[in-house]
Colleague: 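To start, I am sharing the structure in question, which I have written as structure tokens.
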2 protein chains.
Amino acid sequence: MFDQFRNKFPLTDEKWNEYISYFNYIEVPAKTVLIEEGEISKKLFIIEKGCIRVWFNNNGKDLTSQFFFENQSVASIESFMKQFPSPVVVETIEPSILWWISKNHVDKILEEIKEIPELRDRLINMLFQRTFDYMKHFFSFIKDSPTQRYLDLIKEKPQIVQRVPQHYIASYLGVSTVHLSRIKSKLIHKKE
Amino acid sequence: MFDQFRNKFPLTDEKWNEYISYFNYIEVPAKTVLIEEGEISKKLFIIEKGCIRVWFNNNGKDLTSQFFFENQSVASIESFMKQFPSPVVVETIEPSILWWISKNHVDKILEEIKEIPELRDRLINMLFQRTFDYMKHFFSFIKDSPTQRYLDLIKEKPQIVQRVPQHYIASYLGVSTVHLSRIKSKLIHKKE
DNA sequence: GGTAGACGATAACATTTGTTATCAAATAAA
DNA sequence: TTTATTTGATAACAAATGTTATCGTCTACC
């Protein structure tokens, strides 16, 4: 699992092995809640196999903010970084194989990494990149119609459309399940 | 202008004076375009007095993404950091007094700052914080009604409601000017 | 002072989207 | 296999929001 990333990190073998020894292997069924709403998140997950959804409860309505797949890391990021109650639920969609690492160990790694200029700069770039990604996602909400957002999703994140049940996609796009059905139906009839 | 920030930066007086010498003073009237759409942004601005709007053009429609006021720094941030064409326009709303600094100088300062652990960590925290702010803004779009977003705006950013013309606020909230008028009107009648 | 432009309210109508309910198909569990 | 659960489509109606047009007020500028 971790070997594929080995060459991306200019670390000694000792450090590398120390870091990967912090990770714990688990297998979980579909619909397993990994982090509950209100919980202070102490774990960050890496997905070896499977699919995870991050969502929050808005007056009983299920609102999905992100999906994650193989080789991505997942956490209730604000809760994990700042140690306050998680506003979101982190939950598997498919049966999944995961590796998790504790907050303490991540902090330790981060502190050490910051002293290595190359990795420090990469962390900073990653944070910039994340901001840009959020901006992009955010802009699409104000400027595009749900139909356009659905078309973009098919184009840019086909995995989501293929692997995720449609009502989760609706909650991700910010429309009702009924309306997403309508959108799909209209798209099909236009094509013909 | 810069003295008020002096004690926040653990720098020698020489460094501090060098850094502030990079800034250039300008005064501009209302509706001055500081960065055009498509331009590669070379400047970052700090507002001494006035108010700035960042917006982008979506099929002829004016969509506002952010407002900035006194003591805030403004740039077409993706364009400035990555040097690609700016997707947004940066424009004054009121007559403004500004200080700008060039990309080269910012890069120089950032490189030097990264070597000072306290400032480096503050930069990293700032980037995390920015991500969280974007997430928050983004979430409010999917979970709240325009009426709720307007009420939040009054509560959390009263400056915007007070100083910014209403049609810009509508474009910031993602609704038509007519609809924002309706929202205001309904709120007034409910209160009575 | 007068005039043009910017700004905001409102009405009438069109379009989009949500809600509730029902049904059918697929899937998982027993 | 049988049954329950999940998933998705569709119809009918309600609510939210956009569009276009008109009008009044205010402000900047000549």
Colleague: The criterion is side chain to side chain donor-acceptor pair (under 3.5 Å); which residues satisfy it with E115(A), sequence neighbours excluded?
Modeller: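 Scan of E115(A) (side chain to side chain donor-acceptor pair (under 3.5 Å), adjacent residues dropped) gives R120(B).
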Colleague: Can you pull every protein N or O that's under 3.5 Å from an N or O on nucleotides 24-30 of chain D?
Modeller:
none

Colleague: Scan residues 149-170 of chain A against DNA chain C and write down, sorted by residue number, each residue with any heavy atom closer than 4.0 Å; if none is found, say none.
Modeller: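 None, since no heavy atom is under 4.0 Å.
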Colleague: Report for the helix from dG1(C)-dC30(D) to dA30(C)-dT1(D): angle between first-end and last-end helix axes, five pairs each, rounded to 10 degrees.
Modeller: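 Here the local axes at opposite ends form an angle of 50°.
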Colleague: Who pairs with Q148(A) by side chain to side chain donor-acceptor pair (under 3.5 Å), at least two apart in sequence or on another chain?
Modeller: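 Only D152(A) meet the side chain to side chain donor-acceptor pair (under 3.5 Å) criterion with Q148(A).
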Colleague: Kindly write out the residues that satisfy side chain to side chain donor-acceptor pair (under 3.5 Å) with S181(B), not counting sequence neighbours, or none if the list is empty.
Modeller: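 S181(B): no side chain to side chain donor-acceptor pair (under 3.5 Å) contacts found.
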Colleague: For N57(A), enumerate each residue passing the side chain to side chain donor-acceptor pair (under 3.5 Å) test, keeping only those at least two apart in sequence or located in another chain.
Modeller: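 None.
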Colleague: Give me the residues of residues 171-182 of chain A where at least one heavy atom lies under 4.0 Å from an atom of DNA chain C, by number, or none.
Modeller: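 Only G174(A), V175(A), S176(A), V178(A), H179(A), R182(A) qualify.
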Colleague: Produce a footprint string for nucleotides 25-30 of chain C: one letter per nucleotide, 5' end first; B if the base is under 4.0 Å from any protein heavy atom, S if only the sugar-phosphate is, - if neither.
Modeller: ------
Colleague: Pairs under 3.5 angstrom only: tabulate donor-acceptor contacts from the side chains of residues 77-86 of chain A to other protein residues two or more places apart or in another chain.
Modeller:
unit_1: S79(A); atom_1: OG; unit_2: S41(A); atom_2: N; d: 2.9
unit_1: S79(A); atom_1: OG; unit_2: F84(A); atom_2: O; d: 2.7
unit_1: K82(A); atom_1: NZ; unit_2: Q129(B); atom_2: OE1; d: 2.4
unit_1: Q83(A); atom_1: OE1; unit_2: K42(A); atom_2: NZ; d: 2.7
unit_1: Q83(A); atom_1: NE2; unit_2: S41(A); atom_2: O; d: 2.8
unit_1: Q83(A); atom_1: NE2; unit_2: S79(A); atom_2: O; d: 3.4
unit_1: Q83(A); atom_1: NE2; unit_2: F80(A); atom_2: O; d: 3.1
unit_1: S86(A); atom_1: OG; unit_2: S76(A); atom_2: OG; d: 2.7
unit_1: S86(A); atom_1: OG; unit_2: V88(A); atom_2: N; d: 3.1
unit_1: S86(A); atom_1: OG; unit_2: V88(A); atom_2: O; d: 2.7

Colleague: Identify every side-chain donor-acceptor pair in residues 23-37 of chain A under 3.5 Å, counting partners at least two apart or on other chains, and give the distances.
Modeller:
unit_1: N24(A); atom_1: ND2; unit_2: Y22(A); atom_2: O; d: 3.4
unit_1: N24(A); atom_1: ND2; unit_2: W100(A); atom_2: O; d: 3.1
unit_1: Y25(A); atom_1: OH; unit_2: E27(A); atom_2: OE2; d: 2.7
unit_1: T32(A); atom_1: OG1; unit_2: P29(A); atom_2: O; d: 2.6

Colleague: Show every salt bridge (Lys or Arg N to Asp or Glu O under 4.0 Å) that has at least one partner inside residues 157-182 of chain A, sequence neighbours left out.
Modeller: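 The answer is E70(A)-R163(A), E94(A)-R163(A).
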